[in-house]
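The next block holds one structure in the form of structure tokens; read it before the comments.
Values below: every heavy atom of this structure, side chains too, minus hydrogens, waters and symmetry copies. Order of listing sets the numbers, starting from 1, for every ligand and every atom in it.
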Amino acid sequence: MSNRRNFIKKTSIGVAGTFLSSKVSSSNFSKKNQNSMTGLPIIISTWKHGYAANEKAYELIKNGKRAIDAVEQGVKVTEADPDCTSVGYGGWPDRDGNVTLDACIMDHTGNCGSVSFLKNIKHPISVARKVMDNTPHVMLSGQGAFEFAIKNGFHKEDLLTDKAKKRWKEWLRDSKYQPIINVENHDTIGLLAIDKNGDISGACTTSGLAWKMHGRVGDSPIIGAGMFVDNEIGGCCATGVGEAVMKTLGSFLIVELMRQGATPQEACEEGVSRIVKNQNYKDMQIGYLAINKKGEHGAYAVHKGFDYALHQNGTNKMIDAQAFVK
Ligand code: SD4
């Protein structure tokens, strides 16, 4: 029986027992890892736009900056890119023509911040960072998040580019809401990094699914759904149809599976299998990326077409993820 099948058998038979012993196993895990940290620092991120984001994140880490700064600065590259139509400035709007943004960030101490349904601010990830650093809260939403951003020195900007407006007007002719698998091929950016100290952080930022209902929030700003890190174990981030990820709390699940002994690859595959078990996955793409503290990584998607950028051993490269649907 393959390792993966053994692992799945183990987890489905022994879930209760495994969870009960998780405290013991997590401390064993981190002790074991202290001796085997190779392939670090490591930076991993979703889709083609991840390549440039990784470059930026690596530049910071190489210069001794912490992972939390690297992940924030890395995804800001994507947020600022008007050609990326699914993140930040230039993102495709909701069905009423509003660009509304979701983002979250988490550091190696378990501290985190997030914003959802945020309009007119180009860098939601930096607002999320400020929520994390300067407030007693984890998430600010909508008008409250906007006012907080303005008070903290961010500027109000029109994020709907002419290109995105044109595309929206075309969409209005049929007004059909049906996310198409990989159609943009450069969706949400989720980025995870382990720095020179061996500390992990993660960031995730998106304009969400194009043509969504006004007010809709996806998985990307939800800690544990769109992204989660635990400095004892590793981290995970998600891309694709956020509703499916939220229903299974995918990133948290995958980190917990790694705590129980799964490799990042096994954990991502199990994360996808929880989605395809109960949901109509035929027209839905979801991709997961995970890393552990040993510098191992995994990636898995429901359908082919999900690629990611991996920066390890000083080299940045694009890799095609394996998929459930062959
Ligand atoms: C969302 N997960 O809002 C995001 C969108 C995305 O690939 O990742 N698209 O549901």
Ion pair present between R216 and D94, side-chain N to carboxylate O less than 4.0 angstrom?
no

K122: what forms a salt bridge (charged side-chain N to carboxylate O under 4.0 Å, His left out) with it, not counting sequence neighbours?
E157

Would you mind checking which non-hydrogen protein atom is closest to atom 7 (O) of ligand 1, with the distance to 0.1 Å?
D187 OD2, 2.3 Å

Answer with yes or no whether the side chains of T206 and S220 bring together a donor and an acceptor at under 3.5 Å.
no

S220 near ligand 1 by a heavy-atom separation under 4.0 Å:
yes

Tell me whether the rings of W211 and W171 are parallel (<30°), tilted (30 to 60°) or perpendicular (>60°).
parallel

Answer yes or no: does an N/O atom from D102 fall short of 3.5 Å to an N/O atom of ligand 1?
no

Are any of the N or O atoms of W47 closer than 3.5 Å to those of ligand 1?
no

Give a yes or no on whether a salt bridge exists between K163 and D83, defined as a side-chain N under 4.0 angstrom from a carboxylate O.
yes

Check this for me: does any side-chain nitrogen of one of E59 and K62 sit under 4.0 Å from a carboxylate oxygen of the other?
no

Atom 5 (C) of ligand 1 sits nearest the protein heavy atom T188 OG1, 3.1 Å

Are any of the N/O atoms in G240 less than 3.5 Å from those in ligand 1?
yes

What atoms of ligand 1 come within less than 4.0 Å of a heavy atom belonging to L209?
3 (O), 5 (C), 10 (O)

Taking only heavy atoms of D219 into account, list the atoms of ligand 1 that are under 4.0 Å away from them.
1 (C), 2 (N), 4 (C), 10 (O)

Check whether any N or O atom of G242, backbone or side chain, sits under 3.5 Å from an N or O atom of ligand 1, and answer yes or no.
yes

D133 meets the salt bridge (charged side-chain N to carboxylate O under 4.0 Å, His left out) criterion, sequence neighbours left out, with R129

Which atoms of ligand 1 have any heavy atom of G208 under 4.0 Å away?
3 (O)

Can you classify the ring geometry of H214 versus F117 as parallel (below 30°), tilted (30 to 60°) or perpendicular (above 60°)?
perpendicular

Would you mind telling me if ligand 1 is within reach of the side chain of R216, the backbone, both or neither, using heavy atoms under 4.0 Å?
side chain

Has ligand 1 got any nitrogen or oxygen that is less than 3.5 angstrom from a nitrogen or oxygen of T206?
no

